[in-house]
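As the structure is a prediction and not an experimental result, all values here were calculated from the model. Proteins come first, then strands; the chains are lettered A, B, ... in the order of their sequence lines, and each starts at number 1.
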Number of protein chains: 2
Amino acid sequence: MASTRLNLPGNLKMITSRGALAVHLRIIEDFETRILSGLWHTGFRIPTEHEIAAEYNCSRPTVAKALMLLEQKGMIMRRKRAGSFVRRPPAQSVILQALDPATEISARNQKRRYEVLSRVVRRTTSGDRAKLRMRSGRVLSIVTRDWADDVIYCLEERLFNLDTIPDAEHIDFDKTPPSEWLVLRVPWRTGDNSIFAEEASESHAEALQVRPGAALLCIERQVYVSTGYLSYSITRYPASQQRLRAHYDTSAIHPTT
Amino acid sequence: MASTRLNLPGNLKMITSRGALAVHLRIIEDFETRILSGLWHTGFRIPTEHEIAAEYNCSRPTVAKALMLLEQKGMIMRRKRAGSFVRRPPAQSVILQALDPATEISARNQKRRYEVLSRVVRRTTSGDRAKLRMRSGRVLSIVTRDWADDVIYCLEERLFNLDTIPDAEHIDFDKTPPSEWLVLRVPWRTGDNSIFAEEASESHAEALQVRPGAALLCIERQVYVSTGYLSYSITRYPASQQRLRAHYDTSAIHPTT
DNA sequence: ATTACAATAATGCACATACAATATTTTCTG
DNA sequence: CAGAAAATATTGTATGTGCATTATTGTAAT
């Protein structure tokens, strides 16, 4: 039934499809402009779906789609019956990209070389247990050093939890650095990072060939998946070698997601 | 016409609404699990919308919604006629949250105090022009220092481009720190950050009351909107004071957005 | 065999519609 | 007048439908 034909305007869609933007995208763009420009200030209650549908001469589901995507983007907040409101911009936050030496070094058009300084499998120490949130078991501890051309680039100390990622034990990390191996092995993962500065200890200074007390940029990482912590690492860069570049867009990040 | 009633099963929706998750959310969760677990590897072609609809006993638009959101999340890629495919995980990247002293200090349950060390309006120097990407004009240069309880927390040197954000000139930054004023004044914005370590110069050491040569964590920022660069700042933290915490989720960030 | 064209299958967009959930507003009642 | 109950408006979810777009596949013709 409804064998159809209630033939709607019929050319409406033509208009939209004729190279022009899809209606819901037009709505999104328009609203973004208004919000970003401040015309619709934080807390402003935007028109109801019905009103918008009338304004754009489209159906409510189309409007709903646009608003849903804007909410996803973090620009508005929607509450049943209450309406949709312009959100307060999220806390200042930034996205750091490409924290791994391979990408960084090749971005600088330099040749990367890396070497394994030590590689040990052992029972966990109490320090390991804290870093990997584990009770007992064994870990692989591995120290590597990266060079960019003929300059020492960074020093990485890494622990693998052999309970959660046992195959690390038998991998020859002479070819593939531990960080890259992990990315390939567990592509979808999550982690906590900590970035800080410190003064080089005697041993770190020696490995990095800098003066003891020299400033280092350090990144500490814990990688885990739902089944547990996989890896802990701390990477030290001489201050002269590394800058972390970051970018942000207020609209790109929001706490809800 | 289609005056309706072709009354559908009718209790189907009851089932879904009875506390259970919405169908499209269930699909998303299921698919995420399969992708994250590696069951559906990178490049895997996921079932067609029709097949999924059949599997979940729902309509195609519902499936389409789920797939659209998964695409938005960056987990799959969709191509007309070709199908939907599991995406390669994005490059390693992390989200840094809350880089501002106010949040950081109060998160540590400390009392924040801050002071303006200098405030000058002047014509641009060549250094200013590089930092703010401007040709000429005037800038407001302001140096502030933050304390957490009775410890010096950071030192911030900031430039405002008075061409793009002229009202900064007449603001009394004694009450509101420049960074917070800027957030309120221009809530939706974008920026580039650079994070690095350095050894304290004589003057910075004095302002931060550390030994010259001590390790500092530095964050350099440029903030801009579509109309131009608004502000440049560089913030220096004694190594003992600040760690940047970051978190990532492979699924949270992707280059397309 | 290779190219060109037609058929086909998949996603993309939009519509009209229905009902559920819920916060707000209004009305009613004590 | 205050508080409770009912009405109402608004978003949330899902359905079924139709057509547009486009990549792939298959077929036919050169």
Query raised in the report: Is there a residue in residues 46-53 of chain A whose heavy atoms reach under 4.0 Å of DNA chain D, and which residues are they?
Result: A:Thr48, A:Glu49
**Report entry** Interatomic distance where CG belongs to B:Leu70 and C1' belongs to C:dT11 [whole Å]
**Finding:** 15 Å
Query raised in the report: Does B:Leu140 offer a backbone N or O that forms a donor-acceptor pair with the side chain of B:Glu169 under 3.5 Å?
Result: no
Report task. To the nearest Å, give me how far apart CE (A:Met68) and C1' (D:dA14) are. Result -> 13 Å
Query - Per A:Lys80 side chain, nearest of listed nucleotides C:dC15, C:dA21, C:dA14 - result: C:dA21
Query raised in the report: Which comes earlier along DNA chain C counting from the 5' end, the contact point of A:His24 or that of B:Leu67, where each point is its nearest nucleotide?
Result: B:Leu67
Requested in this report: Calculate, to the nearest 0.5 Å, the distance between atoms CD and CD belonging to B:Glu55 and B:Glu51 respectively.
Outcome: 9.0 Å
Requested in this report: Could you grab the distance from atom CD of A:Glu220 to atom OH of A:Tyr232, nearest 0.5 Å is fine?
Outcome: 3.5 Å
**Report entry** Whole angstrom value for the distance that separates C1' of D:dT13 from CZ of B:Arg26
**Finding:** 13 Å
**Report entry** Distance in angstrom units between A:Phe85 CZ and C:dT24 P, rounded
**Finding:** 8 Å
Query raised in the report: For the residue pair A:Phe44 and A:Trp40, does the interplanar ring angle fall in the parallel (under 30°), tilted (30 to 60°) or perpendicular (over 60°) class?
Result: parallel
Requested in this report: State, with a plain yes or no, whether a side-chain heavy atom of A:Pro177 is found less than 4.5 Å away from one of A:Arg112.
Outcome: yes
Query - Proximity to the side chain of B:Arg79 - top-ranked nucleotide from C:dC13, D:dA23, C:dA16 - result: D:dA23
Report task. Among the candidates C:dA23, D:dG12, D:dT13, find the nucleotide nearest to the side-chain atoms of A:Arg78. Result -> D:dG12
Query - Rounded distance (Å) that lies between atom C1' of C:dT11 and atom CD of B:Glu71 - result: 10 Å
Query - Phosphate OP1/OP2 of D:dT15: any B:Thr62 side-chain N/O under 4.0 Å - result: yes
Query - hbond_proxy A:Arg60 side chain to D:dG12 base (donor-acceptor, 3.5 Å cutoff) - result: yes
Requested in this report: Specify the separation, in whole Å, of atom CG of B:Leu69 and atom P of D:dG12.
Outcome: 13 Å
Report summary line: In whole angstroms, the gap separating C1' of C:dA14 from OH of A:Tyr56 amounts to 16 Å
Report task. For the pair A:Tyr229 and A:Tyr224, name the ring-plane relationship: parallel under 30°, tilted 30 to 60°, perpendicular over 60°. Result -> tilted
Query raised in the report: How long is the span from the CZ atom in B:Arg221 to the OG atom in B:Ser231, to the nearest 0.5 Å?
Result: 9.0 Å
Report task. Would you indicate which nucleotide in C:dC13, D:dT15, C:dC15 comes nearest to any side-chain atom of B:Pro61? Result -> D:dT15
Query raised in the report: Can you check the A:Lys65 NZ to D:dT11 C1' distance for me, whole Å?
Result: 18 Å
